[in-house]
Amino acid sequence: MDALKIIEQGSIKAETPQFNIGDTVRVSVNIREGQRERIQMFEGTVIGKKGSGVSETFTVRRVSYGVGIERVFPLHSPNVVDVKVVRKGKVRRAKLYYLRDRVGKAAKVKEALK
């Protein structure tokens with residue numbers, strides 16, 4: 001069991017981005033198409049975080065052309081190049097799954113005042 005923990009410690013990124021639930025983030029993801037690699041951006045609201053250690057993931061939701069899109073990103077994956085916080089959100093829940101049922105302005109998260 002100690003060998004697994006040693007391998008896990010080697011896989012964890014040293015610099016993890018600091019963001020919370022409700023923040024709007026821009027995630028840079030490394031996409032492989034055959035031999036080529038490119039970086040794709042995915043911007044949306046963080047609606048949940050899950051797990052700990054090397055298996056920690058976060059879910060980002062955005063609405064594109066009236067259709068809700070959610071992607072789950074592993075925080076320590078080498079394919080997740082960068083996570084930038086666009087704006088901070090003010091929320092009172094740990095999971096924002098209720099945003100799935102909302103449409104228009106009701107699906108927005110208020111911005112946190114600094």
Side-chain angles (χ1 to χ4, degrees):
M1 206 56 167
D2 291 331
L4 288 175
K5 288 185 180 181
I6 291 170
I7 293 170
E8 184 176 306
Q9 290 297 332
S11 300
I12 292 180
K13 289 183 182 177
E15 288 288 322
T16 56
Q18 297 298 318
F19 60 91
N20 293 316
I21 312 300
D23 293 351
T24 301
V25 295
R26 185 176 293 131
V27 184
S28 304
V29 186
N30 206 6
I31 303 291
R32 293 192 61 190
E33 296 170 332
Q35 300 296 326
R36 297 185 323 133
E37 285 190 13
R38 66 185 177 87
I39 293 178
Q40 185 181 56
M41 302 292 190
F42 189 87
E43 185 173 335
T45 306
V46 178
I47 64 167
K49 279 183 164 181
K50 193 182 222 181
S52 64
V54 78
S55 63
E56 187 173 356
T57 62
F58 61 99
T59 306
V60 181
R61 177 180 174 83
R62 79 165 176 210
V63 178
S64 180
Y65 298 104
V67 179
I69 300 168
E70 291 184 10
R71 281 188 70 180
V72 179
F73 297 101
L75 186 62
H76 298 288
S77 170
N79 290 332
V80 175
V81 179
D82 190 28
V83 179
K84 287 205 185 329
V85 177
V86 177
R87 59 183 273 243
K88 292 278 190 186
K90 180 184 176 190
V91 293
R92 298 173 70 174
R93 300 280 180 273
K95 303 282 192 281
L96 303 182
Y97 298 148
Y98 64 88
L99 291 179
R100 295 172 177 163
D101 300 329
R102 306 238 173 136
V103 180
K105 280 191 175 180
K108 294 200 174 209
V109 175
K110 291 183 181 178
E111 190 166 2
L113 299 174
K114 297 176 181 167

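A quick note: this is a predicted structure, and the numbers were derived from the prediction, not measured.
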Result block: side-chain N/O donor-acceptor pairs under 3.5 angstrom for residues 58-65, not counting sequence neighbours:
| residue | atom | partner | partner atom | Å |
| --- | --- | --- | --- | --- |
| Arg61 | NH1 | Glu70 | OE2 | 3.0 |

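Between atom CG of residue Leu113 and atom NZ of residue Lys90 there is a gap of 7.0 Å, rounded to the nearest 0.5 Å. Taking NZ from Lys110 and CZ from Arg92, the interatomic distance works out to 10.0 Å, rounded to the nearest 0.5 Å. We find the CG-CD distance between Asp23 and Gln18 to be 10.5 Å, quoted to the nearest 0.5 Å.
Linking ILVMFWY residues whenever their side-chain heavy atoms come closer than 4.5 Å, directly or via other members, places Val109 and Tyr97 in the same cluster. Linking Ile, Leu, Val, Met, Phe, Trp and Tyr residues whenever their side-chain heavy atoms come within less than 4.5 Å places Ile69 and Ile21 in a single cluster. Both Val29 and Val46 belong to a single network of hydrophobic side chains, linked directly or stepwise wherever heavy atoms of I, L, V, M, F, W or Y lie under 4.5 Å apart.
Shown here for Pro74 and Thr57, the closest heavy-atom pair between the two residues is CA-CG2, 3.9 Å. Listed here is the closest heavy atom pair of Ile47 and Arg100: CD1-NH2, 4.1 Å. Closest heavy-atom contact between Thr24 and Thr45: OG1-OG1, 4.0 Å.
No donor-acceptor pair closer than 3.5 Å links the side chain of Asn30 to the backbone N or O of Ile39.
Crowding of Glu37 atom CD: a count of heavy atoms from other residues, nucleotides or ligands under 6.0 Å exceeding 12. More than 12 heavy atoms of other residues, nucleotides or ligands lie within 6.0 Å of CZ in Arg71, so this atom counts as buried by the packing criterion. Counting heavy-atom neighbours within 6.0 Å of Lys50 NZ, excluding the residue itself, gives a total of 12 or less. Within 6.0 Å of the CZ atom in Arg87, the count of heavy atoms belonging to other residues, nucleotides or ligands exceeds 12.
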Steps toward side-chain contact (heavy atoms from CB on, under 4.5 Å) verdict (Phe19, Leu75): CA-CA 11 Å; Phe19 60 91; Leu75 186 62; 4.0 Å; yes

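Every residue meeting the side chain to side chain contact (heavy atoms under 4.5 Å, CB included) condition with Glu33, not counting sequence neighbours, appears here in chain and number order: Ile31, Arg36, Arg38.
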